[in-house]
Amino acid sequence: MRDKLLTQTKRLVVKIGSSLVASRDGGLRIQQIASITKDLAQIQATHREVVVVSSGAVVAGIQRLKFKTYPHSIPLKQAAAAVGQSRLIRAYENAFEKTGDKVAQILLTHDDLADRKRFLNARHTLTSLIQFGVIPIINENDSVSVDEIRFGDNDSLAGQVAHLIDADLLVILSDVDGLFSADPRVDPSASLIPLVTKFTKSIEQAAGQSRNQESRGGMVTKIKAAKHVGRFGVSTLLLNGEKKGLLPTVLRGEPGGTFFLPNQRPLSSRKQWIAFTLRAKGKLELDQGAIDALQQRGKSLLPSGIIDVMGHFKAGDAVSCTDKKGKEVAKGLVNYSALTLQKIKGHKTRDIKKIFGHQEYQEVIHRDNLVLL
Ligand code: GLU
């Protein structure tokens, strides 16, 4: 299965971690960038479509601005990102010019994808670039991103991009060989896990033990991205980007890295967007009857099954639905605001008219706008 999915990959997102392309002392690693771009150019030449998500702007900027330590203040990080990003893109531009490939820079914030119209616009831009044989090089728009609109880490950004462009495969290149059963630096018996078919507890624990200092992610965000995209039918490959030529050989079916099998029954694109891209603005606590109706009978959510309403949200916002213990069971777009739901929670649908004099919707979340988690 792993070999079949890898060899048949048509469109892939390749996330390149900070430590591969830049260091705080030496700045951009031009040789290393050249080596990765050669591999990517080779892959692109075999009728595959490559989209790059590259980190490294902040680290390259820190070196250029001669900061002694990694800045903790947001404005300093943003300044470093602005200085580093132009150098980073220049390095890619130069390297891909040598392989004869065209590149384009795209900087995204979470807001660009949370709005359905902007999401579709971004998708059109990227697919047009791909059609022209251009390799898009994407990063978070760090210089203008504040907490509310951030992706936060590039593993998660790369996962969102894989969804945005309907990729078959997400490749995460870093300076480690893949996911190990334990931290190989402290446990000599640790072994590389070549294939993950399910996100079990032991997989999550293995992730918790390995760390990569320079990037914001570490193994935890990589596993999280793999888990997310897997639900949408996208496979993930964790690979050591320091090893020249490895990615093209793995795509020919050779061993290497850790491969995560995707879910065999992926969600539709719109439901993916609700589940994966949108951020919940509030929470609805549901009773067991409502949870059963959603999970087992494919029903919409009605006001009678809501025990509690948390957060300030408007009609049309995404909310998370939880059980009594706070475990998320579904996510969806609500038809009513938090204020209205406070008044109608626990009531029968027909009571809505009695309370407000009119009733716009039967359901609090229509089935078409609801994703089970
Ligand atoms: N966007 C950041 C940068 O380019 C990196 C974030 C990350 O590594 O996850 O420097």
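As the structure is a computational prediction, the values presented were derived from the model and not from experiment. Hydrogens, waters and symmetry mates are skipped; everything else that's a heavy atom, side chains included, is used. Order of appearance sets the numbers: ligands from 1, and atoms from 1 within every ligand.
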Work out whether the distance between some heavy atom of Gly56 and some atom of ligand 1 is less than 4.0 Å. yes

Distance under 4.0 Å to a non-hydrogen atom of Asp153: what atoms of ligand 1 satisfy this? 9 (O)

Output the list of atoms in ligand 1 that are nearer than 4.0 Å to some heavy atom of Ala57, sorted by atom number. 3 (C), 4 (O), 10 (O)

Answer whether the closest heavy-atom distance between the side chains of Lys324 and Glu285 falls below 4.5 Å. yes

Pair Arg270 + Asp368, salt bridge at N-O below 4.0 Å: no

Are Arg29 and Glu242 ion-paired here, with the side-chain N under 4.0 Å from a carboxylate O? yes

Check the angle between the aromatic planes of His163 and Phe119 and answer parallel, tilted or perpendicular using the 30° and 60° thresholds. tilted

Between Lys314 and Asp317, is there a side-chain N and carboxylate O pair less than 4.0 Å apart? yes

Any nitrogen or oxygen of Ser55 lying under 3.5 Å from a nitrogen or oxygen in ligand 1? Just yes or no. yes

Does ligand 1 have a heavy atom under 4.0 Å from the side chain of Asp142, from its backbone, from both, or from neither? side chain

Side chain, backbone, both or neither: which part of Asn139 has a heavy atom under 4.0 Å from ligand 1? side chain

Based purely on interatomic distance, does Lys15 place a nitrogen or oxygen under 3.5 Å from a nitrogen or oxygen of ligand 1? no

Residue portion contacting ligand 1 (non-hydrogen atoms closer than 4.0 Å) for Ser18: side chain

Do Lys244 and Asp39 sit within salt-bridge range, that is, some charged N less than 4.0 Å from a carboxylate O? no

